[in-house]
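What follows is a single structure, written as structure tokens, with notes after it.
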Amino acid sequence: MENQDEILILTDKYVLFRDICDLPQDRFIELDLGCGKGGFTAAMAAAFPDRIILAADIMLGRMRKVQKKVRQAGADNVRFLRTEARFLMAMCLPDQCLDRVHILCPDPWPKDRHRGHRLMSSDFFMPLNRVLKKGGIFHFATDDPEYMETVIHLTETSGLFERVSNEAIADVSGPEFRTEFEKDWIAMGKTVPHVAWRALKPEFTGMH
Ligand SMILES: C[S@@+](CC[C@H](N)C(=O)[O-])C[C@H]1O[C@@H](n2cnc3c(N)ncnc32)[C@H](O)[C@@H]1O
């Protein structure tokens, strides 16, 4: 597949993801959703050259920064996606194509009247489960205690995930993997807890 290091602009036009981006099933595939300036993506790309990292953000300017950072690091294992997150998860990615999804320091939209802008609401967990392989990991971090509590509640009541220990994200827990936002929050004296869940794949029991 050509131009693997160009930014792929995913629009609402019908597109078969596999036609524009190769996701070999024998590779460990990570998604950094809402990757921002890409510090986490670039750190993963450099540390794990045998993995494929999908970096996705709605802002083209940010994707350009991520691309520059990754090119400077000399890594060739990142695919750059300028896309809306829910569209990517619900409409584009094939079933069970990812080993891990990272959603790190997403905008918390703390005001009541802005809650609807949040990426993670109850309808997010079905597509999240769909794109993860069986046993795939959802990794979440936020400095906002209320958002953390809400995401824990929604994930665990969805019936689609089970909480696992942070051993599942130990390989990306060192200080070199801190995101730009995480570094800022830590510099301000805040804590940024990280949590991980495993995707369950309930057996299809048929119609009764
Ligand atoms: C608070 S920043 C965090 C960036 C990065 N993960 C970090 O921790 O430094 C949230 C990022 O999510 C992106 N974003 C927000 N809503 C989005 C959406 N609906 N689809 C895709 N990206 C989105 C924003 O453009 C921004 O880069």
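Residue numbers run from 1 in the order of the sequence given. Just follow the structure's listing: the first ligand is 1, and inside any ligand the first atom is 1.
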Practice problem: Look at the side chain of Asp32 and the backbone N and O of Ile103, then say whether any donor-acceptor pair between them is shorter than 3.5 Å. | Solution: no
Quiz item: With a 3.5 Å cut-off and no angle check, do the side chains of Asp144 and Thr142 form a donor-acceptor pair?
Solution: no
Self-check item: Part of Ala56 with heavy atoms under 4.0 Å of ligand 1, whether side chain, backbone, both or neither
Solution: neither
Quiz item: By number and element, which atoms of ligand 1 are closer than 4.0 Å to a non-hydrogen atom of Thr179?
Solution: 7 (C), 8 (O), 9 (O)
Practice problem: Determine the sole option in Ile169, Thr155, Val195 for which the side-chain contact (heavy atoms from CB on, under 4.5 Å) test with Phe138 is passed. | Solution: Thr155
Quiz item: When you measure from atom 4 (C) of ligand 1 to every protein heavy atom, which one gives the shortest distance, and what is it?
Solution: Gly34 O, 3.4 Å
Self-check item: Parallel, tilted or perpendicular, as decided by the 30° and 60° cut-offs, for the rings of Trp109 and His117
Solution: tilted
Practice problem: Apply ring pair (Phe, Tyr, Trp, His ring centres under 6.0 Å) to the pair Phe140 and Tyr147, showing each step before the final yes or no. | Solution: CA-CA 11 Å; Phe140 176 71; Tyr147 199 11; 5.7 Å; yes
Quiz item: Nearest protein heavy-atom contact for atom 13 (C) of ligand 1: which residue, which atom, what distance?
Solution: Asp57 OD2, 3.3 Å
Exercise. Name the closest protein heavy atom to atom 17 (C) of ligand 1, giving the residue it belongs to and the distance to 0.1 Å.
Key: Ile58 CG2, 4.1 Å
Exercise. Mark up the atoms of ligand 1 that fall under 4.0 Å of a heavy atom belonging to Glu180, in ascending order.
Key: 9 (O)
Exercise. Any atoms of ligand 1 less than 4.0 Å from a non-hydrogen atom of Met59? List them with their elements.
Key: 25 (O)
Exercise. Look only at interatomic distance and state if Leu119 has a nitrogen or oxygen under 3.5 Å from any nitrogen or oxygen of ligand 1.
Key: no
Quiz item: Can the positive tip of Arg100 be found less than 6.0 Å from the middle of the six-membered ring of Phe28, inside 45° of the ring normal?
Solution: no
Exercise. Take Asp57 and Arg64 through the salt bridge (Lys or Arg N to Asp or Glu O under 4.0 Å) test and state the conclusion after the steps.
Key: CA-CA 10 Å; Asp57 203 283; Arg64 292 209 173 102; over 6 Å; no
Quiz item: Going by the ring pair (Phe, Tyr, Trp, His ring centres under 6.0 Å) test, which pairs reach into residues 53-72, not counting sequence neighbours?
Solution: none
Quiz item: Can you find an N/O atom of Cys105 closer than 3.5 Å to an N/O atom of ligand 1?
Solution: no
Quiz item: Taking the side chain from Asp143 and the backbone from Val192, do they hold a donor-acceptor pair closer than 3.5 Å?
Solution: no
Exercise. Specify the protein heavy atom at minimum distance from atom 2 (S) of ligand 1: its residue, its atom name, and the distance to 0.1 Å.
Key: Phe181 CE1, 3.5 Å
Quiz item: Taking non-hydrogen atoms only, is Glu84 closer than 4.0 angstrom to ligand 1 via side chain, backbone, both or neither?
Solution: both
Quiz prompt | Distance from atom 16 (N) of ligand 1 to nearest protein heavy atom, with residue and atom | solution = Asp107 OD2, 4.3 Å
Practice problem: Decide yes or no on side-chain contact (heavy atoms from CB on, under 4.5 Å) for Leu23 and Leu54, but give the supporting numbers first. | Solution: CA-CA 10 Å; Leu23 298 178; Leu54 305 182; 3.9 Å; yes
Practice problem: Check ligand 1 against Thr83 and write out every atom of the ligand that is under 4.0 Å from a heavy-atom position of the residue. | Solution: 20 (N), 21 (C)
Self-check item: Heavy-atom nearest neighbour in the protein, as seen from atom 26 (C) of ligand 1, with distance rounded to 0.1 Å
Solution: Arg62 NH1, 2.9 Å
Quiz item: Quick one: nearest non-hydrogen protein atom to atom 20 (N) of ligand 1, plus distance?
Solution: Ala85 N, 2.8 Å
